[in-house]
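Labels below follow one simple rule: chain letters A, B, ... track the order of the sequence lines, proteins then strands, and each chain is numbered from 1.
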Amino acid sequence: MAVIEIQNLTYTYPATSHPALREVSLTVEAGEFVAIIGPNGAGKSTLCYTLAGFIPHFFKGELQGEVRVAGQDIRRVRLEDWVLKVGLVFQNPFNQISGAKFTVYEEIAFGLENIGVPREEMKRRVEEVMALTGIEDLADRSPYALSGGQQQRVALASILVMQPEVLVLDEPTSQLDPIGTREVFQVIRRLAHQGVTIIMAEHKVEWIAEYADRVIALAEGRVIGTGTPADVLTDPRLPDYGIGISRYTAVARRAAGEGLWPAERRLPVTLDEAEAGFRAVEEAHAHLH
Amino acid sequence: MVERLSFYLERSSPLHRLNPTTKLVVAFTLILVAFLGPGLLLPSLIFLLILTPLSFVGQVGREFLRTTVRLLLPLFAFLFVMQSLFYPGGKTVLFGFWIFSVKLEGVRFAFLTATRVLVMVSSFLLLLFTTHPGVLLLDLTQRGLPASVAYILASTLQIIPQMQAKAATILDAQRSRGLDTSGSLGRRIRALLPLVGPLVFGSLVDVEERAIAIEARGFRSSRPKTSLVEIEDRPLERALRWLCLLAIILALGSRLWP
Amino acid sequence: MRISIEDVHFVYPGGVEALRGVSLSIEPGERVAIVGQNGAGKTTLVKHLNGLLRPTRGRVRIGDWDTAQVEVHRLAQRVGYVFQNPDGQLFCRTVAEEVAFGPRNLGYTPEEISQRVAEALALAELEDKAEANPYDLSPSWRKMVALASVIAMDTPIVIFDEPTTGQDVRTIRRIERMIEMLSQRGKTILTITHDIDFCAENFERVVVMGQGRVLLDGPKEMVLGMEAILAQTYVEPPQLTRLGMRLGFEKTVCTSEQFLETLRRRLDHPQSDPRAEG
């Protein structure tokens, strides 16, 4: 069942002349993990804000086309109801801390207080998401006194606790170091296994290759490719659009140019695939000798 | 990063367990009585016989006394020197030296002012030492303080140390570009724009993102809010607060009909 | 200009010991990347190079200057430092003015200033944006403005703090071209980075820090292969280095050129396959 349906979405921010998204159409099935790639300025954040309802309800501007989540038209709902359906986590972990609360535990409960969840249920849900995101040991710390990776997991937990049907993440690891990135991706993988629908804008191709079910490539506001990570991430046009590819893909493409990659084999996107391909090349050569 | 956001000291004492509003009311009552009440010694008695013992009940006695002294000692020294020497209309000269004479009226006035300030500052210190700011705000919200006002107060408390850190980074970045922040007043004023500009712009971006972040967590939901923390309020405390009101009225009365 | 760091210790007010005896010497024109987990002391160390921090013990010299004796705004003649977040420094109404701020502080003549600004704008590929307001530009271009504003100071030493964080490939390529050009002009280039692939492809020497000490220091082909020591400070070898290890390459490879060269050699001499040997 499609949980997200977008048809011919064109959106222009207020006081700008060029649309940030142009004729975007896509559907996402419930429980899918979809990664959105594209250079800065391609419209990734705009798409995330649209799915999360902040376009057109927070940023005004001009929206054409249709955006439906779980069958509801985005223009017909109030933002305060929409945010319960679609959760949003964005880049800067620091700016997602509410500032209203003094401990991580209270910070996570903040959203539930706002929507009037009874205290006992609140505690149960807060403790559940803390376990899920691996931050139980931070419960009594000040949310401001954490590392970026820890703060981003708190931000994630604070949204998950609202139990949204769809989770939208806008480059959640771009400000994090490798440890923080790993921590966040591990949590997201766990969520994906639990069947949460995930839409994630991300530059880090090597992680997408391992985790995502499907990849959508954006450039200049348009969808220029969609498919499995293996298909989209090896698309030879990506570098021309300013989209990064993994070193494994890049080196195998150069090797293929010299006949050093098995002709019938697709270019690799992960370390394992690259290893298997180059081993095959070496074995083939060993037979020749 | 800054772990300590307030004066609050975590203890498990009867004072910590009191309802925050009760503590707030008691603090205000002591201050009002100290300022309105009769007698030269009343404020100092409040400090010695009420606030100091209470601070030990709250298990924060040492920090309480240390901080009070550190905050107020310079002020008191100044007050005593100025008032005892220059109090207008003093007649009773205690002793004199060179062109100065120390007058009894001045000393009395300085003492009264100093001990009143002492009660004011130390009451609030005791409140802050034993009350978590979040709990205080929550209690006030439940008594009708608008959630948005409580949010602004809480986030301001937390944002100040962060703003300081940000300002320090900007200062470092601009000094690294050769900006000289020392020297003449003119030079310092010229150095202000490169420091304040990025701070203001950065804050504008932050404010928008933070607005999105709290909106994403249902802050503007029209449903009735609930709260994680249950704040106790006992009938005894309610009675105590009425007593406080009575004390204030008595102090006021003593002022109006001496 | 030579950088010499001699047994530097640094304790932050509050007692955190961030550097515990660091010694490094960096020759003019070197390209050095400093890597290591957060809290390893990387930023603390480079802040010593332009006097933002002064050693608690030990000495830092930039050429013949002891940084403990020279003010930060004077050290700016010798060491340029690009901070991670461009928004923490941009304040002028046009890109050109922003870029001129540094050289003006250093007291160059108007002709020198305009020449340096023009060069820096060219290096940062910003020529067509000179009259734009920095805050009308995208975050990626604001990053380039911040880079240009430090490059324009024409210092013999340039430090880049996490230049690739949050940037897309095009911007990273621009930064790489800029580093290459600066290097050709004989500048010493230092970076702090978590982006280990960027480090492997653009720097010759790698310093690995952990818990306030230098764990490894040497040519990248030596350092980036030492997986066990890198793991102590939560650094993973670059993608191609890991692939080379998986395939049993006897030499550590860092770039695709090195990878392909090793691969070709192995294909010509298949006996070097470890499984064939073992």
dist A:Gln175:CD -> C:Glu162:CD (nearest 0.5 Å) comes out at 10.0 Å
Could you give the distance from OG1 (C:Thr164) to NE2 (A:His203), rounded to the nearest 0.5 Å?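 Going from the OG1 atom of C:Thr164 to the NE2 atom of A:His203 covers 10.5 Å.
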Do the side chain of A:Asn40 and the main chain of C:Ser140 share a donor and acceptor less than 3.5 angstrom apart?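 No; zero donor-acceptor contacts below 3.5 Å.
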At their closest point, which heavy atom of [X] faces which heavy atom of [Y], and how far apart are they?
| X | Y | answer |
| --- | --- | --- |
| C:Arg170 | A:Gly242 | NH2-N, 3.4 Å |
| A:Glu275 | C:Leu243 | N-CD1, 3.6 Å |
| A:Arg247 | C:Gln239 | N-OE1, 2.9 Å |

Measuring heavy-atom distances to chain A, does C:Gln167 have an atom under 4.5 Å in its side chain, in its backbone, in both, or in neither? both
I'd like to know if A:Glu206 pairs up with C:Arg242 as an ion pair, taking the criterion as any Lys NZ or Arg NE/NH1/NH2 lying under 4.0 Å from an Asp or Glu carboxylate oxygen.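 No, this pair does not count.
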Please look at [X] and chain C and tell me whether the side chain, the backbone, both or neither of the residue comes under 4.5 angstrom of a heavy atom of that chain.
| X | value |
| --- | --- |
| A:Leu176 | neither |
| A:Ile179 | side chain |
| A:Thr181 | neither |

Does OH belonging to C:Tyr234 count more than 12 external heavy atoms closer than 6.0 Å? no
Is it the case that atom CD in C:Gln211 sees more than 12 heavy atoms from other parts of the structure closer than 6.0 Å?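 No, because the 6.0 Å sphere around CD of C:Gln211 holds 12 heavy atoms or fewer from other groups.
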Contact between C:Leu240 and A:Val251 at the side-chain level, heavy atoms closer than 4.5 Å - yes or no? yes
